[in-house]
2 protein chains.
Amino acid sequence: MANRQRSRSAETRQAILSAAGELFAERGYDGVTMREIARAAGCSHTAIYLYFKDKEALLHELAVGPLTALEAELAAALGDVGLTPAERVRAMGRRFIRFGLTHRNSYHVLMMARAGRVDEEEPDLAVNALRNRLFALLRRGIAAMLPDGTPDERVLAYSRVVFFHVHGIVETYRLSEEAVPALLARLGSTFELSLDVLLAGIERTAAAEAQRGGSRREG
Amino acid sequence: MANRQRSRSAETRQAILSAAGELFAERGYDGVTMREIARAAGCSHTAIYLYFKDKEALLHELAVGPLTALEAELAAALGDVGLTPAERVRAMGRRFIRFGLTHRNSYHVLMMARAGRVDEEEPDLAVNALRNRLFALLRRGIAAMLPDGTPDERVLAYSRVVFFHVHGIVETYRLSEEAVPALLARLGSTFELSLDVLLAGIERTAAAEAQRGGSRREG
DNA sequence: ATCGGTTACTAACCACCGGTTACAATATAA
DNA sequence: TTATATTGTAACCGGTGGTTAGTAACCGAT
């Protein structure tokens, strides 16, 4: 049987993936060359192209796992019935921030996936679908904390606001040399304050909006 | 006299700067090569190294002007006595966002300037000083809208929160293909909502904090 | 046992990058 | 006119991501 060849191939593929994962995490996507990955994986750099279309495809494949895990985390936060709607959004924000700081390369893939690619095939689509699902989870969380009957368009707007905020936090420290635990020890309370401000602001603004809308409907 | 040479040299230098400015704005720093800049400037790529240490120094020199203009804009917003403190912070946020979206490369320089460089000389320091001054302006704006007697440490924390937010907006659309006017037409009201949420959240959170602090002091 | 085809892989190469060096042309000062 | 800066370039360096032509090992079938 062809098991011998098959497993050899799978091992090489896995070695490439592991090596690339470690190196990307250590020094970032641009800071790592295909030759380095190959050296760490114990093959020539051309062998990588047998298993992955190009460097970016390698990164994409590495990102899908963590991103799927993030999706599960956000879904869990969204479904936590022991929390108020606002607390659920806070939990989602916290997890999103922690994820972004921990899996910097995966986060980058998530953000940089071009929305409207035509010429590509699978991997970009997978990431795009993932991104849409993540944003949908966020929207559901936001919708639950807004007054009943808030129109979809407003839910979308508030979701964007939340995204801007947490994305800003992640981006601010994405390239920091500081390890995540140290970063959270130093700035965790600032991040919490940030979420405080965000949620309080949404509640207040949305309430004012609802009141305006209500009185306008009455008048 | 040496005017002939001097002006020739100045012209070449300026041609390089103009070409690089246009190309960077069009296709981004990484998307442009020194050879392209040289071609557009009408010289060989090695000539660029006569006037600029390296590609990054070219970008830095291009960024100093716009960043200084931003500083003036923020200072003007901060000094606008016709506005309430919160409105002044809103004006600063608006200008910061517009700047970030309009001068994407300069913005990038501002954000990426490594804080603690040892081996570098002038240009990095200039950008760093600029960044510190910009953040100081923001802090003064925030301090004015917080309750009297808010400790510096809290002012800093709230300033970070504001920065996270506006930075998140800029980062979200930094790589968008959309032109700035189109972007603002489509999302300007979302950005305004975002600033609404941010300012309302700060006021509410800071008030709650002050009350806690006050009652604690009283008790 | 061996032969043909598939699989797994690589050496050599491509065009290009940012940056350096050794050298030519020209304008200026003496 | 001659010596010296100034201004510029061609050729090169080590490196990149990626391609291609070719090889060695394995596999199933005769």
Side-chain angles (χ1 to χ4, degrees), chain A residues 1-21 23-24 26-62 105 108-109 112 114 119-121 123-124, chain B residues 1-21 23-24 26-62 105 108-109 112 114 119-121 123-124:
Chain A
M1 53 181 164
N3 282 352
R4 194 74 160 270
Q5 276 191 26
R6 226 187 301 259
S7 75
R8 182 153 143 71
S9 164
E11 271 168 35
T12 300
R13 200 189 134 91
Q14 192 49 52
I16 292 168
L17 230 28
S18 306
L23 289 170
F24 285 161
E26 264 172 38
R27 303 210 300 278
Y29 179 74
D30 288 329
V32 176
T33 74
M34 294 298 261
R35 274 131 175 120
E36 280 178 304
I37 295 169
R39 211 177 305 134
C43 65
S44 75
H45 82 280
T46 49
I48 300 177
Y49 292 96
L50 296 176
Y51 298 99
F52 306 94
K53 185 186 158 253
D54 53 22
K55 197 184 178 188
E56 210 178 327
L58 194 45
L59 179 62
H60 270 88
E61 176 130 353
L62 283 167
N105 288 291
H108 185 250
V109 169
M112 292 307 142
R114 276 71 87 249
D119 56 328
E120 295 293 331
E121 29 220 278
D124 256 11
Chain B
M1 53 179 162
N3 282 354
R4 192 78 156 268
Q5 273 192 24
R6 226 187 302 258
S7 76
R8 182 154 145 68
S9 163
E11 270 167 35
T12 300
R13 200 188 134 92
Q14 192 50 50
I16 292 167
L17 230 29
S18 305
L23 289 170
F24 285 161
E26 263 172 40
R27 305 210 298 278
Y29 178 74
D30 288 330
V32 175
T33 74
M34 293 299 262
R35 272 127 175 127
E36 280 178 304
I37 296 169
R39 211 177 304 133
C43 65
S44 74
H45 82 279
T46 49
I48 301 178
Y49 292 97
L50 296 176
Y51 298 98
F52 305 95
K53 183 184 160 257
D54 54 22
K55 197 185 178 188
E56 209 177 326
L58 196 43
L59 179 63
H60 270 86
E61 177 130 352
L62 283 167
N105 288 290
H108 186 250
V109 169
M112 292 307 143
R114 278 71 86 250
D119 55 329
E120 295 295 330
E121 28 221 276
D124 255 12

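Values below: all heavy atoms of this structure, side chains included; hydrogens, waters and symmetry mates excluded. Throughout, protein chains are lettered first and strands after them, A, B, ... in sequence-line order, and every chain is numbered starting at 1.
Distance CD1 (I48(B)) to P (dG8(D)): 12 Å, rounded to an integer number of Å. The distance from atom CD1 of I16(A) to atom C1' of dG17(D) is 15 Å, rounded to the nearest whole Å. Distance L50(A) CG to dA24(D) P: 17 Å, rounded to the nearest Å.
OP1 or OP2 of dA8(C) has not a single side-chain nitrogen or oxygen of Y51(A) nearer than 4.0 Å. Regarding contacts with the backbone of dG8(D), a side-chain N or O of T12(B) is found under 4.0 angstrom from either OP1 or OP2. Contact check, S44(B) against dG8(D): no side-chain N or O comes under 4.0 Å of OP1 or OP2.
In this structure, Y49(A) has no ring pair (Phe, Tyr, Trp, His ring centres under 6.0 Å) partners at least two apart in sequence or on a different chain. Remark: R39(B) engages no residue in a side chain to side chain donor-acceptor pair (under 3.5 Å) (not counting sequence neighbours). For the side chain to side chain donor-acceptor pair (under 3.5 Å) test, no residue two or more places apart in sequence or in another chain qualifies with E11(A).
Proximity of L50(B) to T12(B): side-chain heavy atoms (C-beta onward) are nowhere separated by under 4.5 Å. Looking at I48(B) and I37(B), their side chains come closer than 4.5 Å, going by heavy atoms from C-beta outward.
Minimum interatomic distance between A38(B) and S44(B) (heavy atoms only, all atoms of both residues): CB-C, 3.5 Å. The minimum heavy-atom distance linking D54(B) with M34(B) is given by the pair C-CE, 4.3 Å.
If you check every strand for non-hydrogen atoms under 4.0 Å, F52(B) touches nothing.
The ring-ring contact (aromatic ring centres under 6.0 Å, His included) pairs that include a residue from residues 26-47 of chain A are F24(A)-Y29(A), where partners are two or more places apart or lie in different chains.
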Practice item. For each nucleotide in nucleotides 14-22 of chain C, reading 5' to 3', give B when a protein heavy atom comes within less than 4.0 Å of its base, S when such contact involves only the sugar-phosphate, and - otherwise. Key: ---SBBB--
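Summary for the helix from dA1(C)-dT30(D) to dA30(C)-dT1(D): the axes at its two ends, each from 5 pairs, differ by 30° when rounded to the nearest 10 degrees.
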